Protein chains: 2
Amino acid sequence: MEVEKTISFKEAKACPVQFVLAVNDTLNVISGKWKLPIIGSLLFEKKRFSDIQRNISKITPRMLSKELKDLEMNGMVKRTVYDTTPITVEYELTESAKSLGDVLDKMLEWGLQHRQSTLSQN
Amino acid sequence: MEVEKTISFKEAKACPVQFVLAVNDTLNVISGKWKLPIIGSLLFEKKRFSDIQRNISKITPRMLSKELKDLEMNGMVKRTVYDTTPITVEYELTESAKSLGDVLDKMLEWGLQHRQSTLSQN
DNA sequence: ATTATTACTATACAAAAGGATACTAGTGTA
DNA sequence: TACACTAGTATCCTTTTGTATAGTAATAAT
């Protein structure tokens with residue numbers, strides 16, 4: 001039986017190893033070619049499998065299925081099956097996933113700034 | 001000749017495609033197994049190749065060399081060669097890279113919160 | 001009976017990322 | 001002469017990630 005310690009922001013920030021581990025947690029949740037597009041597609045409304053597929057035109061069903069499973073396992077999306085004919089399955093972001101929006105905004109901001117500052121080096 | 005348009009935070013945020021692209025810019029800079037550990041290792045002081053290698057015990061010189069090149073190309077680290085014998089090479093984070101610290105803090109914070117909220121689902 | 005629909009799965013393959021191990025150049029020391 | 005040091009490279013191999021293409025189950029409409 002493992003003892004799992006809950007770590008605080010302060011503790012994690014003070015220790016480089018914990019820091020890297022915790023940041024990696026976040027990174028892993030959104031890593032992979034299609035996670036971000038999928039999250040983006042679900043940011044404003046819940047959607048069905050085929051809707052997402054139409055939304056992200058180049059994704060294959062295999063990848064969409066796999067990435068959605070990953071996201072579900074990581075507590076990022078909720079999957080709901082409706083017993084219609086043919087069945088419909090709805091995917092929606094969890095609250096936690098929605099709160100990732102703020103982080104993504106920060107990344108967006110830094111990305112734009114960084115592009116500026118590296119362009120101006122020429 | 002390509003016209004390159006500089007995009008604003010507002011513009012990027014309003015357009016899902018631009019949003020995903022810009023966030024991906026940031027993601028790409030820190031993606032790969034060793035980027036974060038390397039950045040972490042350089043956060044507080046400049047270091048030499050062998051120092052970093054000692055710091056991140058499991059990295060091979062091949063990977064360290066490759067990742068440092070990537071980081072340099074992306075404007076994240078500055079490489080300085082000193083003509084000593086044997087030569088010494090120093091790596092340090094650029095200002096832009098240091099400013100990534102804030103983003104990483106956000107990611108750390110979210111990662112910890114998300115872990116809490118998914119644990120409490122059981 | 002054939003076709004369409006939704007939400008996938010199966011198989012095979014290609015490409016990218018990463019690891020293991022050995023090696024190099026240039027110089028200094030024992 | 002032999003060895004050690006720094007900062008890497010070179011070669012080969014394994015693992016992970018992603019792609020292409022075809023197929024499935026359950027049901028309903030034509």
Side-chain angles (χ1 to χ4, degrees), chain A residues 20-21 23-42 45-74 76-93, chain B residues 20-21 23-42 45-74 76-93:
Chain A
V20 167
L21 284 176
V23 174
N24 250 322
D25 269 11
T26 303
L27 231 34
N28 288 336
V29 161
I30 55 179
S31 78
K33 186 170 177 185
W34 302 107
K35 298 267 166 61
L36 223 47
I38 292 172
I39 292 171
S41 162
L42 292 175
E45 41 178 354
K46 48 177 81 166
K47 281 181 184 156
R48 290 184 301 151
F49 192 91
S50 50
D51 292 331
I52 307 174
Q53 205 180 184
R54 264 186 291 277
N55 226 241
I56 307 170
S57 59
K58 285 171 193 165
I59 198 170
T60 62
R62 182 191 188 287
M63 287 311 287
L64 181 52
S65 171
K66 197 213 145 224
E67 301 283 67
L68 281 171
K69 266 180 198 158
D70 283 4
L71 288 168
E72 198 191 353
M73 273 201 358
N74 286 324
M76 294 291 286
V77 307
K78 195 187 155 209
R79 180 175 179 272
T80 314
V81 182
Y82 294 97
D83 194 9
T84 55
T85 53
I87 63 165
T88 49
V89 180
E90 262 185 8
Y91 293 92
E92 63 186 305
L93 295 186
Chain B
V20 166
L21 284 176
V23 174
N24 249 322
D25 269 10
T26 303
L27 231 33
N28 288 336
V29 161
I30 56 179
S31 79
K33 187 169 176 185
W34 302 108
K35 299 264 167 61
L36 224 47
I38 292 172
I39 292 171
S41 162
L42 293 175
E45 41 178 354
K46 47 177 83 164
K47 283 182 182 155
R48 290 183 302 152
F49 190 91
S50 50
D51 292 331
I52 307 174
Q53 203 179 185
R54 264 185 292 275
N55 226 241
I56 306 170
S57 58
K58 285 171 192 166
I59 198 170
T60 62
R62 180 190 180 313
M63 286 312 289
L64 181 52
S65 172
K66 197 212 146 226
E67 300 283 68
L68 281 170
K69 264 179 198 157
D70 284 3
L71 288 168
E72 197 191 351
M73 272 198 2
N74 285 323
M76 293 291 286
V77 307
K78 196 187 154 209
R79 179 176 180 273
T80 315
V81 182
Y82 295 97
D83 194 9
T84 55
T85 52
I87 64 163
T88 49
V89 180
E90 263 186 5
Y91 292 93
E92 63 186 305
L93 295 186

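In this text, all values refer to a predicted model and were calculated from it rather than measured experimentally. Chain letters run A, B, ... following the sequence lines, proteins first, then strands; residues in each count from 1.
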Which nucleotide, [options], lies nearest any side-chain atom of [X]?
X	options	result
K66(A)	dG18(D), dA28(D), dA20(C)	dG18(D)
P86(A)	dC8(C), dG8(D), dT6(C)	dT6(C)
V89(B)	dC8(C), dT6(D), dG8(D)	dG8(D)
W34(A)	dT19(D), dC8(C), dG18(C)	dT19(D)
S50(A)	dA28(D), dG18(C), dA7(C)	dA7(C)
P61(A)	dA7(D), dG18(C), dT9(C)	dT9(C)

So, does [X] get its side chain near the phosphate of [N], meaning an N or O under 4.0 Å from OP1 or OP2?
X	N	result
T85(B)	dG28(C)	yes
R79(A)	dC8(C)	yes
Y91(B)	dG8(D)	yes
S65(A)	dT9(C)	yes

Write down the distance between [atom1] ([X]) and [atom2] ([N]), rounded to a whole number of angstrom.
X	N	atom1	atom2	value
D51(B)	dG8(D)	CG	C1'	15 Å
K69(B)	dA7(D)	NZ	P	14 Å
Q53(A)	dT9(C)	CD	P	13 Å
D83(A)	dA25(D)	CG	P	18 Å
I87(B)	dT24(C)	CD1	P	18 Å
M63(A)	dC13(C)	CE	P	19 Å
K33(A)	dT17(D)	NZ	P	14 Å
L68(A)	dT9(C)	CG	C1'	14 Å

Heavy-atom closest pair, residues [X] and [Y]:
X	Y	result
N55(B)	S41(B)	OD1-OG, 3.4 Å
I39(A)	L93(A)	O-CD1, 4.0 Å
F49(B)	L64(B)	O-CD2, 3.6 Å

Base dT11(C) to side chain R62(A), donor-acceptor N/O within 3.5 Å cut-off: yes
Full working for side chain to side chain contact (heavy atoms under 4.5 Å, CB included) between I59(B) and Q53(B): CA-CA 7 Å; I59(B) 198 170; Q53(B) 203 179 185; 4.3 Å; yes
Cationic N near anionic O, under 4.0 Å, K35(A) to E67(A): yes
